[in-house]
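Each ligand, and each atom within it, is numbered from 1 in the order the structure gives.
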Amino acid sequence: MTDNKKRIKKITAYVLACVFSFGMLFLSACQKEEKPGVVYYDVDYLTVGFSQVGAESDWRVANTESIKNSLSRYNGIDLIFDDAQQKQDKQILAIRKFIQQEVDYIVLAPVTETGWDTVLGEAGEAGIPVIIVDRKVDVKDDSLYKAWVGSDFARESEIACLWLKAYADRKHIRPEDINIVDIQGTLGATAQIGRTSGLESASYEYGWNILASVPADYAQSKAEEVMTDLLRRYPEVNVVYCENDNEALGTIDAIEKSGRKAGTDITKGEILIISFDATHAGLTKVLEKKIALDVECNPLQGETIRDLIKSVDSGEEFPKYTYVEEKAFSADETVSSIKLSDSDYEITLLTGEILEERQY
Ligand code: GYE
């Protein structure tokens with residue numbers, strides 16, 4: 001066979017293969033329509049743009065995962081996700097892009113409370129409903145967002161401080177001997193505002209000393225750096241109030257590197273750590289008795305957000321504010337319950353089994 005003939009044969013085979021595959025595809029598409037007893041829908045997905053703060057902590061990673069799982073195609077939602085790397089400017093840009101893309105809904109987890117009036121106004125003008133998650137927005141007009149889902153940060157702080165008060169009473173420690181440093185979260189974030197101000201009012205009320213309050217952006221390495229410096233400046237510190245678990249992990253490293261011990265008994269010279277989030281990594285340190293109390297901040301908000309979107313979309317009633325359920329876990333049994341708003345609030349003594357059963 002000549003080279004030319006060979007080439008013609010090859011091309012003919014290729015063309016026939018293509019015609020055959022297209023034919024099969026066409027046939028199967030037709031067959032699909034005709035299958036008896038099967039109803040085919042043209043799925044109309046809702047498009048949702050989600051601007052997340054970043055990935056600064058284990059809590060945040062769990063929150064992102066929960067939202068991605070619930071706002072999924074399986075649930076009729078097409079999600080456009082944007083990670084703002086803890087920068088408000090990036091969140092504003094992301095929201096403007098969502099508006100250009102004509103999404104059906106915007107979900108915003110704001111890095112700080114202020115600075116949202118203009119961009120949320122733009123979303124409103126474009127007719128796009130906004131749902132706020134986790135931290136709050138401080139805007140002049142609350143109708144700029146449909147609803148909010150998150151935690152009661154002031155209540156979390158109240159639980160932590162009532163626990164510390166009960167702990168000190170049981171151990172016969174005088175309030176003036178309680179020397180606290182506060183490793184704060186990102187300044188201006190609702191979680192930071194609620195947790196810091198709760199500690200400040202309790203310290204004022206009970207007579208504890210706050211030696212220093214320093215922000216560490218909810219990040220482990222930053223907290224280690226901050227705590228290393230604070231240990232040098234305030235050797236009398238005996239309580240560290242960490243505004244999230246990743247900061248507690250960094251704080252433990254700093255304490256141990258300085259030759260001191262993180263533990264549950266300050267009467268023995270240990271440094272007592274209180275933390276927030278109750279993530280798997282944080283609770284592991286509670287089991288090791290390096291964090292004395294971990295107040296839960298529940299990141300599993302995806303399903304509530306999905307239900308809210310569906311309610312808004314179908315014109316059903318929905319709450320403007322939804323608070324998620326939260327517990328508190330202790331490393332020992334010194335305090336098993338506190339009085340919170342006139343009722344008993346249980347402090348859960350953490351066990352390996354409880355930790356195993358947790359979802360994040
Ligand atoms: O405690 C921290 C995260 O806003 C509740 O932000 C959230 C906080 C959470 O980075 O781990």
Among residues two or more places apart or on two chains, list those pairs meeting salt bridge (charged side-chain N to carboxylate O under 4.0 Å, His left out) that have a residue in residues 125-138. E56-R135, R60-D134
Closest protein heavy atom to atom 5 (C) of ligand 1, given as residue, atom name and distance to 0.1 Å: D134 OD1, 3.3 Å
Sub-6.0 Å ring centroid separation between Y241 and F276: yes
Please verify the inter-ring angle class for W163 with Y167; under 30° counts as parallel, over 60° as perpendicular, anything in between as tilted. parallel
Consider ligand 1: state whether an atom of it lies below 4.0 angstrom from any non-hydrogen atom of S151. no
What about E243: any of its N or O atoms under 3.5 Å from an N or O on ligand 1? no
Among protein heavy atoms, which sits nearest to atom 2 (C) of ligand 1, and what does the distance come to when rounded to 0.1 Å? N244 ND2, 3.5 Å
Reference residue V103; test side-chain contact (heavy atoms from CB on, under 4.5 Å); the match among T47, L46, V48: T47
Atoms in ligand 1 flagged as close to F153, the criterion being non-hydrogen separation under 4.0 Å: 5 (C)
Could you check atom 11 (O) of ligand 1 against the protein and tell me its nearest heavy-atom contact, residue, atom and distance included? D277 OD2, 2.7 Å
Non-neighbouring partners of N179 that pass side-chain hydrogen bond (donor to acceptor under 3.5 Å, both in side chains), sequence neighbours left out: N209
Near C297, which atoms of ligand 1 are under 4.0 Å from a heavy atom of that residue? 5 (C)
Within the 4.0 Å heavy-atom shell around A191, which atoms of ligand 1 are there? 4 (O)
Residue among L230, V237, I180, N238 satisfying side-chain contact (heavy atoms from CB on, under 4.5 Å) with L211: V237
State whether E256 and K261 are salt-bridged, where the test is any N-O pair (Lys NZ or Arg NE/NH1/NH2 against Asp/Glu carboxylate O) under 4.0 Å. no
Atoms in ligand 1 flagged as close to R135, the criterion being non-hydrogen separation under 4.0 Å: 3 (C), 4 (O), 6 (O), 8 (C), 10 (O)
In the protein, which heavy atom is nearest to atom 10 (O) of ligand 1, and how far is it? E56 OE2, 2.4 Å
Near S57, which atoms of ligand 1 are under 4.0 Å from a heavy atom of that residue? 2 (C), 3 (C), 10 (O), 11 (O)
Distance-only N or O hit between ligand 1 and R195, under 3.5 Å: yes
For Y145, does the six-membered ring have the charged nitrogen or CZ of K320 within the cation-pi criterion, i.e. under 6.0 angstrom from the centroid and within 45° of the normal? yes
